[in-house]
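So the structure is just underneath, and the comments pick up after that.
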Amino acid sequence: MARDIDIREGIDWTTVWLYGALVFFGWLNIYAAIYNPENPIEIVSLSHNAGRQLIFICASFLLILIILFVDYKVYDSFAYIFYGLIVVVLIGTIFVATEIKGSRSWIKIGTFSFQPAEFSKVFTALALARYLSTQNVNISKFRDAFVAGVMVFLPPIIIILQKETGSALTFAAFIAVFYREGLPGIYPALGIALAILFVFTLFFPKLYIIVGILVLCGLFWYFFLKRYERTQQNMFRLIAVFVIASVFVFGTDFFINKVLQPHQQKRIQVLVNPDSDPLGAGWNVTQSRIAISSGGVIGKGYLQGTQTKFDFVPEQSTDFIFCTVGEEWGFLGSLIVILIFAALLNRIINLAEKQRSKFARIYGYCVASILFFHLLVNIGMTIGLMPVIGIPLPFLSYGGSSLWSFTILLFIFLKLDAHRSYKV
């Protein structure tokens, strides 16, 4: 039993202040992204994104109050029900959503619209934490790992059917949680190796890559396997690795040309050669990099960004909000934003490690992993290091679905943490 507590004393205020700083700074930059010096509009006006974002922020405070005053045991007890409901909603979205830019992922209710895919990460995190915290569940066992894998990758499969690939890719963040909870390191290492191999196939001739894999296998056999470990079984394993890697290398063309959508193929092409389509698929990244680099060390000043004012960067208040930060606040401002995110992630991980409840600990790592994945990919795509997949920067990007989902994700964990010291 947990005795009643004063939530004001139990909540981690450091995390709350970091959250508030990011949300406030995001709001300022959303206004900067749409600001027109020739026709200035009040920041609170509902006729533009900054005014609407203020409404979303106020609604977020209401969500926070609800989360904090609901019994913390609800999130554990009803985790599977929440998960089941969001899966049903995701499936229904395919049939009822309005098509926007080829994607059927937004549900419109009057003038209001929301994206269920954003909230699916929250409920998947709850369900995963519930399952992995169940007694006798051990993710190092194949059966338990398989069940957890199905639980995590079912929502993104449905999201892909909505043609919303970017949101689906964010579920890869849960692999870090699997590893923290005991998944053998060989599996994440294999995933990283395949990702690196995929990138290599984009930049180098396939024959060179195959020869390189063969050389690496030979070096591993000669230098890393001691004489008594050079068994026939290990030789067959190396041969299997070589064959699988070779098939993967030659299969990338099929994946890119037959599986990916035309606009996704162009994004891969732009990542490899930014100048291949400068006025088309490469326009966003090119202009984003120009905006960020033009900011210099200290930036041009708030509301002084020229790339911003003349709408050179599409989606600048949503997916490309970071280029507004880079142009107007410069390297120092960008660094401060990244440091605030780093402090937030560090705080979440530290709190997760202190949890007495396994459910709360696992959920805390889910929160940190999802935030880190969004941070890494979003900033990476604005500076041209990653393909543009259309995911928001947590707490900074414009959008109610994005802000509310990240707010719910974070404050459920803070609610669980608030009761950490009161478990007996």
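One is the number of the first residue; the rest follow in order along the sequence.
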*Does M151 reach the side chain of Y80, with side-chain heavy atoms less than 4.5 Å apart?*
yes
Rounding to 0.5 Å, atoms CG (L128) and OH (Y363) come to a distance of 11.5 Å
Q | Within-4.5 Å side-chain heavy-atom neighbours: F341 and L371 | A | no
Please step through side chain to side chain donor-acceptor pair (under 3.5 Å) for the pair N350 and R347, ending with a clear verdict.
CA-CA 5 Å; N350 285 338; R347 189 71 180 177; over 6 Å; no
Exercise for the section: Would you check, one step at a time, whether the test ring pair (Phe, Tyr, Trp, His ring centres under 6.0 Å) holds for W329 with F25? Expected result: CA-CA 11 Å; W329 303 90; F25 191 65; 5.1 Å; yes
d(L409 CG, S405 OG) to nearest 0.5 Å is 7.5 Å
Practice task
Apply ring pair (Phe, Tyr, Trp, His ring centres under 6.0 Å) to H48 and Y35, showing your working.
Solution key: CA-CA 9 Å; H48 55 73; Y35 177 76; 9.7 Å; no
Rounded to the nearest 0.5 Å, the CH2 atom of W404 sits from the CG atom of L63 at a distance of 7.0 Å
**Prompt:** Does the side chain of E353 come under 3.5 Å of the side chain of Y365 through a donor N or O and an acceptor N or O?
**Reply:** yes
> Relative to the ring of Y19, is the ring of F395 parallel (under 30°), tilted (30 to 60°) or perpendicular (over 60°)?
Replying inline: perpendicular
Quick check: does any side chain N or O of Q355 sit under 3.5 Å from a backbone N or O of L351, one acting as donor and the other as acceptor?
yes
Over 60° means perpendicular and under 30° means parallel, so classify the ring planes of F24 and W27, tilted if in between.
-> tilted
Here the gap from I213 atom CD1 to K206 atom NZ, rounded to the nearest 0.5 Å, amounts to 11.5 Å
For the residue pair Y398 and F56, does the interplanar ring angle fall in the parallel (under 30°), tilted (30 to 60°) or perpendicular (over 60°) class?
-> tilted
After noting the C-alpha distance and the side-chain angles of S105 and Q115, does the key distance pass the side chain to side chain donor-acceptor pair (under 3.5 Å) rule?
CA-CA 6 Å; S105 59; Q115 190 176 27; 3.3 Å; yes
